[in-house]
Protein chains: 2
Amino acid sequence: MATIKDIAKLLDISVSAVSMALNDSHEIGEKTKIKVREAAKQLNYVRNGSAIDLQRKKTNVVLLITDNPTRPYFTDSLTVVQNELMMKNIDLVIITANDKHRGTAERFISENRADAVICMSKFISDEFVNLYANKSMPIFVMGRAPELIANEYAVNVALDYERVGEDITEYLIAKGHRKIAFVKGSKTSVGTSYRYKGYLRTLKRFQLTLDKELIFEARGSDYDHGYGITEKIIGKIASGQVEAIFYATDDLAVGGLQKLLENGIAVPEDVSIVGYNNYPISRMVTPPITTVDLHQQKIMRRVAKSLIAMVEGSKTKTDVVKKLQKDAIFQSEIIERGSVKNRE
Amino acid sequence: MATIKDIAKLLDISVSAVSMALNDSHEIGEKTKIKVREAAKQLNYVRNGSAIDLQRKKTNVVLLITDNPTRPYFTDSLTVVQNELMMKNIDLVIITANDKHRGTAERFISENRADAVICMSKFISDEFVNLYANKSMPIFVMGRAPELIANEYAVNVALDYERVGEDITEYLIAKGHRKIAFVKGSKTSVGTSYRYKGYLRTLKRFQLTLDKELIFEARGSDYDHGYGITEKIIGKIASGQVEAIFYATDDLAVGGLQKLLENGIAVPEDVSIVGYNNYPISRMVTPPITTVDLHQQKIMRRVAKSLIAMVEGSKTKTDVVKKLQKDAIFQSEIIERGSVKNRE
DNA sequence: TTGTATGCGTTATCAC
DNA sequence: GTGATAACGCATACAA
């Protein structure tokens, strides 16, 4: 591997001259620049990132940590963050952290291999975040309970959990449904449990009695779990005990839909269903599923902007959090499609 | 930021001692190790990855480049590669490279920020790969035409393109279909174009005449394209001109299915359809779609193993390629589900 | 405009 | 078992 030293030697000029030429410094002659570039090409020179980072005391990279990059909400977030960072010429690298592997993410954080991190995985513990968030590496965490982060350089991006789950329940009620079942997802998901609470609050607000038999617990939040748990709901639809099903996620709803159709239950004629999150798949099935869009992209755009402000040093956490909250019109929006019947 | 120098100063011992202690070297006293660790904690010491990489002339990371981490085949690949690398304690980082942004990927490659790369994105050009693949950074590329890579340290992992597309066409024919439409996907996708060729070969082999009116070109390979293009097929189903549709990808098929159902066309009663790739979504719709599994995971496991062998220096490219080819039982498998009717 | 010197944080090779 | 010291490849303040 050729280094700038080799170039300097070949051209018989100083290393610093080479360095500056390569960085297109204004204080270097045009002819030297050309010579240097040619020599670089000739020697097959490639820059050494580690050396640059070491010297600059900056890596120019932002870490995006996720438990599973396949989830649609992740891509949405990714695209937005990517775009924001691209404008500042900051590199984005994605690292996974899940139940069976979080070493890489932790190592990248603890070894200062980034300038900032956005953590969308719940498998990096609160303790870890609190321990390592740092002026030279602020950490933004998402999807956790609001109270657990206590570090000047850790920002907990919390959704507007107050209203979550109420919107769509109200909607079902407005459409004339009274017997609304709820399908819970993964126990470790903060989002789905808040939706459940919103569902409960709304029933109460409308003075509907809560039928405990209409609460179903899936083991997880995915398609298969929705498919499986719906087995238990089928009988109650036939008997008129269930008019609508609120699945905590779109994936659950899609799985449920398939099970219903297989059993000759028409949606929405025999039962209405709704999901949550507005995942692409929710519109790809027949009938397309009415769901709720959390406007994750808006949120992520704000997160990215805040992060950049912190990395650039112009803002402190307090500023950033204040702005995030002020902008927090994280209003969810109901996406009406074909899976809910008007019973009135 | 505290460094090992600070620790050394605090404890009044040498930096090298600190370094060795931190790395749990056998040639350092147990008591010193303890002292050092305590001091480290006290000073809030964190290692500096750049400095380590610079010194070790190794980064311990493998780059996985993708155009879109949401695609199901990517997750499959990811999981497998992740597992293999985990066993060797190698870090995996994911970087996206697509039409609008490939700077980060190229920078990471050209600046030696990894020990090896697996490139699943077609947006890193063949020229770039040929230019930068290198003993200290071998590059494995996937999903490209076989002939374009000519570099001792670049490995082109090509599927068994010979057979691709023939399998499922044969299957449709065996089920009694004769009028088989084909829906092409994105023009830039190597995979889908090979499937098309396989389809053509198979028709010929069975001496079925090719009806050019049954070839449809979608602008891309996604759900929406499938939905859109199917508009044009509907009439030909009614008129008996089409008995089956071979969509080049599952996403296309899912989109097409929805359009068909919306138009009151029953699948598979009125028309059979098949997809390709065995994406999860293909089994989540009703009826579930018959498709082809490429066994991407098997391939990726082999790629990962080969890569590790090269990184560890035990194998040259020639060895690796030979082994990959020898192992290349990349046989695709037809996944029978409910979208094909037996017409015989 | 160019060169010199120094340092970034770490590891490794020697001595002791 | 521990301590100096020289790298690693690069950038930059300062001198020329």
Side-chain angles (χ1 to χ4, degrees), chain A residues 1-37 39-40 43-61 107-115 134 136-137, chain B residues 1-37 39-40 43-61 107-115 134 136-137:
Chain A
M1 287 288 81
T3 72
I4 53 171
K5 249 183 210 160
D6 299 318
I7 300 182
K9 205 172 295 168
L10 178 69
L11 263 36
D12 199 36
I13 59 177
S14 80
V15 192
S16 56
V18 176
S19 170
M20 295 169 91
L22 251 21
N23 287 318
D24 205 24
S25 161
H26 2 267
E27 36 184 333
I28 212 89
E30 198 50 47
K31 341 121 205 196
T32 350
K33 282 186 189 172
I34 297 179
K35 277 200 317 187
V36 168
R37 287 195 202 109
L43 291 179
N44 239 305
Y45 166 78
V46 291
R47 313 208 307 162
N48 181 313
S50 316
I52 296 176
D53 289 349
L54 178 58
Q55 161 66 27
R56 293 221 173 114
K57 287 171 164 289
K58 247 190 96 183
T59 62
N60 202 47
V61 343
R107 189 150 54 223
F108 268 62
I109 294 177
S110 69
E111 293 185 354
N112 259 302
R113 289 171 186 276
D115 295 339
N134 175 312
S136 70
M137 164 131 41
Chain B
M1 286 287 81
T3 72
I4 52 172
K5 255 182 205 161
D6 299 319
I7 301 182
K9 206 172 296 171
L10 178 68
L11 263 38
D12 199 34
I13 60 178
S14 78
V15 250
S16 49
V18 176
S19 172
M20 294 168 92
L22 252 19
N23 286 315
D24 205 24
S25 163
H26 1 267
E27 36 184 335
I28 210 84
E30 197 51 46
K31 341 121 207 193
T32 351
K33 281 186 188 172
I34 296 177
K35 277 201 315 186
V36 168
R37 285 194 204 110
L43 291 178
N44 239 306
Y45 167 79
V46 293
R47 314 208 307 161
N48 180 314
S50 315
I52 297 176
D53 289 349
L54 177 59
Q55 161 65 26
R56 291 219 172 120
K57 284 170 164 291
K58 248 192 96 185
T59 63
N60 202 48
V61 344
R107 189 150 52 224
F108 268 61
I109 295 178
S110 69
E111 294 185 353
N112 261 302
R113 291 173 185 274
D115 294 341
N134 173 313
S136 69
M137 165 132 40

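Just so it is clear, the values below take in all heavy atoms, side chains as well, and ignore hydrogens, waters and symmetry mates.
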Rounded to the nearest angstrom, tell me the gap between atom [atom1] in [X] and atom [atom2] in [N].
X        : N      : atom1 : atom2 : result
B:Ile52  : D:dC8  : CD1   : P     : 18 Å
A:Leu11  : C:dT1  : CG    : C1'   : 15 Å
A:His26  : D:dA11 : NE2   : C1'   : 14 Å
A:Lys5   : C:dT4  : NZ    : P     : 14 Å
B:Lys58  : D:dA7  : NZ    : P     : 23 Å
B:Arg47  : C:dG9  : CZ    : C1'   : 11 Å
B:Ile4   : C:dT11 : CD1   : C1'   : 8 Å
A:Asn112 : C:dG9  : CG    : P     : 10 Å

pair A:Val18-A:Leu22: side-chain heavy atoms closer than 4.5 Å: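 SC-SC contact between A:Val18 and A:Leu22 confirmed.
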
Any B:Ile28 side-chain heavy atom under 4.5 Å of B:Val36 side chain: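 SC-SC contact between B:Ile28 and B:Val36 ruled out.
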
Hey, does the side chain of [X] come within less than 4.0 Å of [N]'s phosphate (OP1/OP2), counting only N and O?
X       : N      : value
B:Ser14 : D:dG3  : yes
A:Asn23 : D:dA11 : yes
B:Thr3  : C:dC8  : no
A:Ser16 : C:dT4  : no
A:Lys33 : C:dT1  : no
A:Lys57 : C:dG7  : no
A:Ser50 : D:dG9  : no

Of the listed nucleotides D:dC10, C:dT11, C:dG9, the one nearest the side chain of A:Asn48: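 It is D:dC10.
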
Nucleotide of D:dT2, D:dC10, C:dT2 approaching A:Ala51 most closely (side-chain heavy atoms):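 So the side chain of A:Ala51 is nearest to D:dC10.
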
Touch class at under 4.0 angstrom, heavy-atom based, for A:Leu22 against every strand present: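 No contact.
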
Sugar-phosphate only, base, or nothing, as touched by A:Ile28 at under 4.0 Å among non-hydrogen atoms: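 Since only primed, P, OP1 and OP2 atoms lie under 4.0 Å of A:Ile28, the category is sugar-phosphate.
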
Over all atoms of both residues, closest heavy-atom pair of A:Arg107 and B:Asn60: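 Looking at all heavy atoms of both residues, the shortest contact is NH2-ND2, 4.0 Å.
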
5′-ward residue of the pair B:Val46/A:Val15 relative to DNA chain C: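 Looking at DNA chain C, the more 5' nearest nucleotide goes with A:Val15.
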
Any donor-acceptor N/O pair under 3.5 Å between C:dG7 base and A:Gln55 side chain: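 Counting by modelled atom types and ignoring angles, a donor-acceptor contact under 3.5 Å is found here.
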
Worked verdict on B:Phe108 versus A:Val61 for side-chain contact (heavy atoms from CB on, under 4.5 Å): CA-CA 10 Å; B:Phe108 268 61; A:Val61 343; 4.0 Å; yes

Residue pair B:Val46, A:Met137: steps toward the side-chain contact (heavy atoms from CB on, under 4.5 Å) verdict: CA-CA 12 Å; B:Val46 293; A:Met137 164 131 41; over 6 Å; no

Inter-residue atom distance A:Gln55.CD - B:Leu54.CG, 0.5 Å rounding: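 A:Gln55 atom CD to B:Leu54 atom CG measures 11.0 Å (nearest 0.5 Å).
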
Short side-chain to backbone donor-acceptor contact, A:Asp6 and A:Thr3, under 3.5 Å: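 The answer is yes, because a donor-acceptor pair under 3.5 Å joins these two groups.
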
Residues forming a side-chain contact (heavy atoms from CB on, under 4.5 Å) with B:Asp24, sequence neighbours excluded: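 side-chain contact (heavy atoms from CB on, under 4.5 Å) list for B:Asp24, sorted by chain: B:Lys33, B:Arg37.
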
Divergence of helical axes at both termini of the helix from C:dT1-D:dA16 to C:dC16-D:dG1 - five pairs an end, 10° steps: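 That helix has its two terminal axes inclined by roughly 40°.
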
